[in-house]
Amino acid sequence: MRTLDRKLKVAILGGTGMVGQRFISLLEGHPWFEITTIAASAKSAGKTYEEAISGRWKMQNAIPEAVKNIQVVDVTDIDTVADSVDFCFSAVDMSKEEIIAFEEAYARTETPVVSNNSAHRWTPDVPMVIPEINPEHYDVIKYQKERLGTKNGFIAVKPNCSIQCYVPALKAWEEYEPTEVVVSTYQAISGAGKTFETWPEMVGNIIPYIGGEEEKSEQEPLRVFGHIENGEIVKADSPKITSQCIRVPVLEGHTASIFVKFANKPGSIQEMIDKLTSFKGLPQEADLPSAPKQFIQYLEDDDRPQVLKDAYYEGGFGVSFGRLREDLIFDYRMVGLAHNTVRGAAGGAILSAEALTELGYINSK
């Protein structure tokens, strides 16, 4: 693990929204990063964070004392924010076109941006990384810097929240060559930035549609499994993935029903389980501050994983699987679970920032 001379100063862009709040909650007491700036819309600018978030705090824990009296800055005042920090986490609520321009403007101030937003996920020279799975994609940053004309500024993004509950298994089973995957995700309402108080029509209800989610679930894993070629990320050709994404009356935790066909059939179910539970990557090897000690757990009980019991495995940074068994049409089927706003959103971005710091991409200005 890298040793820092001082904590890096961090800005949260979009700090009043649900993901921004999750960033603030998870960064409380962080050994490497210190929130010194919170930026939001003009209507929040000039208020203390406690005033700006009054009546809108959605986390289970209280607002951290260290941020209550930080004066919120207008997120469009790019130079003011950039001059005050070493890097930014981005969780802004804007159109895709606005976010692309906005995050690049921050990067051009020589301020790295680690983004939770989807706008740059398909920008060819922007790495979209799950740190345990494809940290080698950070190598594309040097080409992005050439395009932006920067020495230190760049953008890195994390992938969609829902793919976290099945992509780790596909990577752990890479040697068996998954060729076809059918996945149905059952997604919590916090993924839409909602609670049951703000979305009462979800109580006792299921909505069989989440805009744009199925395309993300099918295509983003292929980018994660891709490679760098001529300064760009080229997505993988396989496996073929088809999905359905359903909103369910759960606050936190995305569940997936997964069916997989392999080119090389595994020797046994126990062998497959061992591949899952032994799988690790850069965060575990470098002992990063937020890294789950064991990235993947496998649960033997027939009724696991469950949202209420397992979403916060390893503080929400770990991934849970269970019910692995042979299938009559595909080779195997299984159930997965990941916390959508920790591993799948703010926490995944924090882990990515830790990896980028460990690798020397993020430093003190």
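What you see below is based on every heavy atom in this structure, not just the backbone, and it leaves out hydrogens, waters and symmetry mates. Along the sequence shown, the residues carry numbers beginning at 1.
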> Do the ring planes of Y138 and Y361 sit parallel (below 30°), tilted (30 to 60°) or perpendicular (above 60°)?
tilted
> Answer whether the closest heavy-atom distance between the side chains of F154 and L356 falls below 4.5 Å.
yes
> About how many Å separate CD1 of I99 and NZ of K96, when rounded to the nearest 0.5 Å?
10.0 Å
> Measure across S162 and C165 and return the closest heavy-atom pair with its distance rounded to 0.1 Å.
O-SG, 3.0 Å
> Step by step, would you call Q284 with E132 a side-chain hydrogen bond (donor to acceptor under 3.5 Å, both in side chains)?
CA-CA 8 Å; Q284 290 72 40; E132 285 89 351; 3.0 Å; yes
> Using side-chain heavy atoms (C-beta onward) and a distance below 4.5 Å, is E358 in contact with R2?
yes
> Please check if atom NZ in K145 has more than 12 non-hydrogen atoms from other residues, nucleotides or ligands closer than 6.0 Å.
yes
> A quick test of your reading: do over 12 heavy atoms of other residues, nucleotides or ligands sit less than 6.0 Å from CG of D237?
no
> Verify whether one side chain among N264 and E177 offers a donor that lies under 3.5 Å from an acceptor in the other.
yes
> Evaluate the criterion side-chain contact (heavy atoms from CB on, under 4.5 Å) for residue pair E300 and Y298; output intermediate values, then yes/no.
CA-CA 7 Å; E300 298 283 355; Y298 183 83; 3.8 Å; yes
> Give the minimum heavy-atom separation between F87 and A353, together with the two atoms involved.
CE1-CB, 3.9 Å
> About how many Å separate CE of M202 and CZ of R247, when rounded to the nearest 0.5 Å?
7.5 Å
> List the steps and the verdict of salt bridge (charged side-chain N to carboxylate O under 4.0 Å, His left out) for E220 and R121.
CA-CA 8 Å; E220 288 190 16; R121 288 181 190 159; 3.1 Å; yes
> Count the heavy atoms of every other residue, nucleotide or ligand shown that sit under 6.0 Å from CD of E271, and state whether that count exceeds 12.
yes
> Identify whether the distance between the nearest side-chain nitrogen and carboxylate oxygen of D287 and K293 falls below 4.0 Å.
yes
> Using modelled atom types only, decide if a donor and an acceptor are shared between the side chain of N363 and the backbone of G360 within a distance under 3.5 Å.
yes
> Any carboxylate oxygen within less than 4.0 angstrom of a Lys/Arg side-chain nitrogen, looking at D86 and R6?
yes
> Can you give me the closest heavy-atom contact between F89 and A349, atom names plus distance?
CE2-O, 3.5 Å
> Shortest non-hydrogen contact from T150 to A107?
CG2-O, 3.5 Å
> Using a strict threshold of under 4.0 Å (side-chain N to carboxylate O), is an ion pair present between K68 and E65?
yes
> Do V307 and I189 share a hydrophobic cluster (ILVMFWY, side-chain heavy atoms under 4.5 Å, transitive)?
no
> Taking the side chain as everything from C-beta on, heavy atoms only, tell me whether E232 gets closer than 4.5 Å to N230.
no
> Without swapping roles, check the side chain of H137 against the backbone of G226 for a donor-acceptor pair under 3.5 Å.
yes
> Measuring from R108:CZ to E103:CD, what's the distance to the nearest 0.5 Å?
12.5 Å
> Mind checking the CD-CD1 spacing from E314 to I296? Nearest 0.5 Å is all I need.
11.5 Å
> Just verifying a value: how many Å separate D125 CG and R147 CZ, rounded to the nearest 0.5 Å?
4.0 Å
> Hey, can you pull the donor-acceptor pairs under 3.5 Å for the side chains in residues 10-26, sequence neighbours left out?
residue : atom : partner : partner atom : Å
Q21     : OE1  : K58     : N            : 2.6
Q21     : NE2  : T16     : O            : 3.0
Q21     : NE2  : R56     : O            : 3.0
R22     : NE   : T341    : OG1          : 3.0
R22     : NH2  : E252    : OE2          : 2.6
R22     : NH2  : T341    : OG1          : 3.2
S25     : OG   : N61     : OD1          : 3.0
S25     : OG   : N61     : ND2          : 3.0

> To the closest 0.5 Å, what do you measure between CZ (F102) and CG (N117)?
9.0 Å
> With distance as the sole criterion, is a donor-acceptor pair present between the side chains of Q71 and T48 under 3.5 Å?
no
> Apply the test side-chain hydrogen bond (donor to acceptor under 3.5 Å, both in side chains) to residues Q187 and E213: give CA-CA distance (whole Å), side-chain angles for both, the deciding distance (0.1 Å), then the verdict.
CA-CA 10 Å; Q187 299 187 205; E213 200 73 6; 3.1 Å; yes
> What about Y186 and H254, are their ring centers closer than 6.0 Å?
no
> Output yes when E110 and K151 qualify as a salt bridge under the 4.0 Å nitrogen-oxygen rule, no when they do not.
no
> Between D310 and R304, does any NZ, NE, NH1 or NH2 come within less than 4.0 Å of an OD or OE carboxylate oxygen?
yes
> Between E98 and S95, is there a donor-acceptor pair closer than 3.5 Å when you use the side chain of the first and the backbone of the second?
yes
> Does the side chain of T179 come within less than 4.5 Å of S238's, by heavy atoms?
no
> Parallel, tilted or perpendicular for H30 and F33, by the 30°/60° rule?
parallel
> Within a strict 4.5 Å, meaning less than it, do heavy atoms of the L337 and V319 side chains meet?
no
> Under 6.0 Å from the six-membered ring centre of F330 and within 45° of its axis: does the NZ or CZ of K261 meet both?
yes
